[in-house]
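Below: the structure, in structure tokens.
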Amino acid sequence: MTEARKMPANDLPAYQPVAGGIAARARAAAAPAPYLDNLNPEQRDAVETLDGPVLVLAGAGTGKTKVLTSRIAHILSTGRARPGEILSVTFTNKAAREMKHRLGIMLGQAVEGMPWLGTFHSIGGRILRSHAELVQLKSNFTVLDTDDQIRLLKQLLSAENIDDKRWPARMLAGLIDGWKNRGLTPAQVPAGEAAVFGNGKGGKLYKDYQERLKTLNAADFGDLLLECIRLFREHPDVLRSYQARFKFILVDEYQDTNVAQYLWLRLLSQGAARAPSPGEDNAIATQTAATRNICCVGDDDQSIYGWRGAEVDNILRFEHDFPGAKVIRLERNYRSTGHILAAASHLIAHNEGRLGKTLRTEDVDGEKVTVTGAWDSEEEARGVGEEIEQLQREGHKLNDIAILVRASFQMREFEDRFVTLGLPYRVIGGPRFYERAEIRDALAYLRVINSPADDLAFERIVNVPKRGLGDATVQMLHDHARRRRIPLSEAARQVIETDEMKPKARGSLRDLMLSFERWRKQMEVVSHTELAEVVLDESGYTEMWQKDRSADAAGRLENLKELVRSMEEFENLQGFLEHISLVMDREGAADEDAVSVMTLHSAKGLEFDNVFLPGWEEGLFPHQRALDEQGRAGLEEERRLAHVGITRARKRAKLYFATNRRIHGTWNTTIPSRFLDELPAANVEITESKGGNGWGGAGGYGSSRFDNLEAFGSTYSTPGWQRAQQQRGRSGGGYGDSFGGNSGGAKKRPMVIEGELVAKSTGTDSAFSLDDRVFHEKFGYGHVTKIDGNKLTIDFDKAGEKKVVDSFVRAA
DNA sequence: AATACACCAATTTTT
DNA sequence: TTGGTGTATT
């Protein structure tokens with residue numbers, strides 16, 4: 001995002017000392033390098049080995065980012081390259097931002113932003129914009145996201161008369177993405193593969209899609225790399241200029257690179273302007289690579305994105321691809337205690353396809369990893385809730401606590417539980433900021449203003465808010481546009497001069513077109529942020545959400561404000577639009593103390609003192625589909641995911657499994673995950689659930705050493721225990737009931753809330769009275785049906801009846 | 001254009 | 001069982 005406004009593609013940065021020049025060397029000699037001081041020997045080796053290919057195998061918590069940033073600092077301060085001569089790629093904007101931030105701290109103001117530090121896609125996009133005409137685009141091309149992509153594909157499918165029920169556009173989008181991930185242009189897709197979609201039309205559709213993108217002056221995410229590769233291959237002079245420019249290349253998370261990214265890197269890191277075609281033996285095309293200074297940092301044990309095209313092979317093959325490569329292992333872990341690290345290491349050692357590292361720590365042994373069995377997923381959520389409250393009583397911050405689940409549907413139960421407990425939590429992940437409908441709508445308006453030929457954007461907002469311009473109108477505009485080979489908005493302009501349309505629709509469309517003309521004129525006199533405000537206001541878009549009474553309307557309006565705010569960082573509308581789809585990510589806003597709930601995937605790269613890992617059951621984790629579809633490779637990836645999960649923990653890792661879990665509505669009896677059996681007994685403590693009911697063992701489905709857990713072993717006086725006693729009395733003891741029969745299985749017991757037993761309950765009377773109309777951030781509007789201290793039972797209009805703590809609602 | 005009903009799918013997600 | 005989508009009906 002910053003690179004966009006600060007440094008146009010071909011600008012030279014301010015004067016920097018000549019690489020290796022006298023001044024630079026003198027400076028390096030004079031000032032001891034502070035960035036080298038707190039590195040361990042391996043890290044230091046990774047930082048100082050500048051020449052030739054280097055692979056840094058950086059285990060979890062071994063200081064990967066530190067090495068990358070220190071290495072850049074080292075290159076700069078020894079004068080080996082200027083900032084503009086270092087290419088440094090990451091996968092996410094977050095990682096790129098983090099690196100910029102840490103570099104800034106390390107170097108002070110000595111170096112302004114690194115122009116070529118960014119994500120694969122943003123850098124690819126940037127290169128494409130500089131040479132757009134060579135790939136049949138204009139430099140202001142639009143980057144389509146998944147949503148645009150699918151709408152476009154739907155149009156193509158209907159043009160081909162393909163039933164999009166049988167052949168969904170989503171599926172085609174997935175296929176095309178997959179091909180692009182593998183670096184395949186339409187011509188390169190194996191015929192057999194292209195034929196599987198739409199009765200053999202897959203290949204043609206891919207080709208048509210690419211052509212349509214050119215007409216729309218648009219690229220999708222995959223194109224940002226694939227078209228870049230095509231550019232390099234078809235224009236060796238361009239490639240050479242970049243090869244000459246980048247004296248050093250650094251790659252973060254190398255284990256996550258896909259084939260396209262690999263090819264892209266290879267082209268840039270090679271002296272010769274030739275890349276191996278897919279499938280070609282890499283060694284042949286490699287020859288000159290050894291001379292180049294590429295440093296890849298990654299961890300094969302944390303490769304968890306195979307399903308979206310990442311090739312673990314890239315990292316496993318590194319020494320083969322880059323002959324003479326130096327491999328440096330970072331094995332000293334600075335994050336976790338002994339027991340946690342031992343458990344994680346022992347678990348991952350069960351994988352076969354790995355380069356192998358032995359993590360060690362100098363930290364204390366700490367607490368053992370705990371494994372807790374629960375009767376069902378509700379009890380699991382109660383148990384976790386109890387433990388969190390206990391931690392809270394001991395003075396731990398909620399910010400230091402995370403719950404990491406395998407699949408997002410698991411989150412609901414925790415959310416429900418936390419809502420009833422009044423425990424603040426935040427869900428990480430979910431739809432990203434720029435994917436939200438309101439953001440995309442707002443952007444569509446701006447896109448149409450900026451480039452009237454943007455049909456996808458035009459179509460998106462022509463009837464949002466509702467203007468009486470429905471499908472019929474749009475279809476008519478389409479026909480008109482196609483006949484004359486003009487963009488939709490031009491077609492609209494022409495059609496309103498005719499009497500083809502009903503008067504009402506015609507007037508409405510004319511108003512819209514006049515508005516766009518007015519806004520385009522205003523663009524020249526007011527700032528782009530002001531323009532955005534005007535547009536959102538005059539189009540009736542803001543009003544549409546103001547009138548909306550659903551729970552998230554307020555949030556959407558807030559998002560729109562945030563969008564306008566974020567525009568300020570860019571110089572003009574054009575610059576904003578060029579980068580927005582690549583850099584807008586989830587909102588920060590994390591200052592409140594709250595438990596984090598997220599998937600294991602989105603937890604990669606994060607760390608917490610206390611990590612809860614629920615749902616360790618066969619079928620869920622490892623996930624059945626991973627096993628079915630990928631076999632052993634799938635299992636190993638799941639195991640890596642488990643490894644990632646455990647290594648997120650600094651001080652406590654708490655694993656859970658539930659004997660009964662509801663899947664697609666029906667209760668199933670599960671068996672504990674094989675990963676639990678793969679943990680080293682010496683570092684693991686088996687505890688009983690404090691969440692309520694006991695559990696009954698796994699009931700004869702295969703054996704596990706967790707089968708013979710003693711359920712109610714000790715006396716407990718925690719709230720959970722008391723609750724458990726009461727529940728046991730109520731439901732007749734969790735042992736035999738409804739066992740083995742998994743169709744109706746374990747029945748759902750009523751949720752018991754004893755206000756006085758819950759830690760956070762205050763007992764003070766609620767400020768609300770019966771039948772009060774209230775609003776809840778998550779559930780929307782509803783009315784109070786029952787009051788119990790500060791616990792309210794509310795019948796929500798949309799979400800149904802829920803029990804919530806009064807501080808979570810406000811009067812409506 | 002809005003609502004009602006039927007139908008289908010139901011890991012993981014960045015850019 | 002749920003939720004989301006898409007079609008059919010008013």
Side-chain angles (χ1 to χ4, degrees), chain A residues 89-96 118-125 143-150 154 163-166 168-171 174 177 180-181 219-226 253 256-258 260-261 303-310 404-412 428-435 463 465-473 504-505 579-586 598-605 615 619-630 634 637-638 640-642 644-645 661-668 743-745 748 798-800:
Chain A
V89 279
T90 63
F91 273 83
T92 63
N93 290 305
K94 196 174 155 199
T119 64
F120 276 100
H121 291 86
S122 69
I123 290 172
V143 178
L144 302 188
D145 57 35
T146 323
D147 209 71
D148 289 321
Q149 201 184 352
I150 284 172
K154 270 191 182 153
D163 177 15
D164 74 344
K165 276 229 143 138
R166 227 179 113 204
R170 289 205 149 278
M171 187 194 221
D177 270 353
K180 288 186 175 179
N181 283 158
D220 64 17
F221 286 123
D223 283 345
L224 297 180
L225 287 164
L226 190 54
E253 307 275 19
D256 286 337
T257 49
N258 60 35
Q261 285 154 342
S303 165
I304 55 175
Y305 285 111
W307 51 273
R308 71 177 195 211
L404 312 183
V405 298
R406 175 63 183 81
S408 47
F409 74 81
Q410 292 172 263
M411 291 180 185
R412 247 196 72 176
I428 312 244
R432 277 152 301 290
F433 187 71
Y434 76 91
E435 268 173 22
N463 201 29
K466 300 264 185 282
R467 302 189 171 87
L469 303 170
D471 290 345
T473 312
K504 211 170 144 202
H579 286 265
I580 198 61
S581 56
L582 294 176
V583 299
M584 280 292 262
D585 44 17
R586 62 198 81 170
M598 68 190 98
T599 63
L600 286 160
H601 282 90
S602 43
K604 194 167 80 147
L620 177 59
F621 194 31
H623 200 281
Q624 194 58 47
R625 269 179 85 159
L627 302 180
D628 292 347
E629 288 166 19
Q630 305 290 330
E637 183 154 311
E638 295 286 293
R640 291 193 289 267
L641 199 48
V644 166
R661 186 173 295 275
R662 195 166 35 187
I663 302 166
H664 312 327
T666 46
W667 285 93
N668 290 82
S743 49
K748 193 174 166 168
K798 297 235 166 86

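Numbers restart at 1 for each chain; the letters A, B, ... are given by sequence-line order, proteins then strands.
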Exam field: side chain A/Gln149 to backbone A/Asp220, donor-acceptor pair closer than 3.5 Å: no
Residues A/Arg308 and A/Asp177 bridged, charged N to O under 4.0 Å: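 Salt bridge: no.
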Compare side-chain N and O positions of [X] against OP1 and OP2 of [N] and report whether any pair is under 4.0 Å apart.
{"X": "A/Arg412", "N": "C/dG3", "answer": "yes"}
{"X": "A/Asn93", "N": "B/dT14", "answer": "no"}
{"X": "A/Ser602", "N": "B/dT12", "answer": "no"}

Nearest-Å distance for atom pair [atom1]/[atom2], residues [X] and [N]:
{"X": "A/Arg308", "N": "B/dT11", "atom1": "CZ", "atom2": "P", "answer": "18 Å"}
{"X": "A/Phe409", "N": "B/dA10", "atom1": "CZ", "atom2": "C1'", "answer": "9 Å"}
{"X": "A/Ile150", "N": "C/dG4", "atom1": "CD1", "atom2": "P", "answer": "16 Å"}
{"X": "A/Glu253", "N": "B/dT14", "atom1": "CD", "atom2": "C1'", "answer": "12 Å"}
{"X": "A/Gln410", "N": "B/dT11", "atom1": "CD", "atom2": "P", "answer": "11 Å"}
{"X": "A/Arg640", "N": "B/dT12", "atom1": "CZ", "atom2": "C1'", "answer": "13 Å"}
{"X": "A/Ile663", "N": "C/dG3", "atom1": "CD1", "atom2": "P", "answer": "17 Å"}
{"X": "A/Met171", "N": "B/dA9", "atom1": "CE", "atom2": "P", "answer": "10 Å"}

In the structure I gave you, are the side-chain heavy atoms of [X] and [Y] within less than 4.5 Å of one another anywhere?
{"X": "A/Lys604", "Y": "A/Glu253", "result": "yes"}
{"X": "A/Phe621", "Y": "A/Leu641", "result": "yes"}
{"X": "A/His623", "Y": "A/Glu638", "result": "yes"}

Classify [X] by what it touches in the nucleic acid, base, sugar-phosphate, or nothing, heavy-atom distance under 4.0 Å.
{"X": "A/Gly468", "answer": "sugar-phosphate"}
{"X": "A/Glu629", "answer": "base"}
{"X": "A/Lys154", "answer": "sugar-phosphate"}
{"X": "A/Ser408", "answer": "sugar-phosphate"}
{"X": "A/Asn463", "answer": "sugar-phosphate"}
{"X": "A/Glu435", "answer": "base"}
{"X": "A/Gly124", "answer": "nothing"}

When rounded to the nearest Å, what value does the distance between P atoms of B/dT12 and C/dG3 take?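 Per the computed distance, 15 Å lies between those P atoms.
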Using the P atom on both, measure B/dT11 against C/dG4 and round to a whole Å.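 Taking atom P in both B/dT11 and C/dG4, they lie 14 Å apart.
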Face-to-face stacking of [X] with [N], centres under 5.5 angstrom, angle under 30°:
{"X": "A/His664", "N": "B/dA10", "value": "yes"}
{"X": "A/Tyr305", "N": "B/dT12", "value": "no"}
{"X": "A/His623", "N": "B/dT11", "value": "yes"}

Can you tell me whether the side chain of A/Arg406 and the base of B/dT11 have a donor-acceptor pair closer than 3.5 Å?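 In this structure, the two groups form a donor-acceptor pair.
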Is the ring centre of A/His601 less than 6.0 Å from the ring centre of A/Trp307?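 Distance test on ring centres: under 6.0 Å, yes.
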Please figure out whether A/Thr92 or A/Glu637 has its closest DNA chain B nucleotide nearer the 5' end. A/Glu637
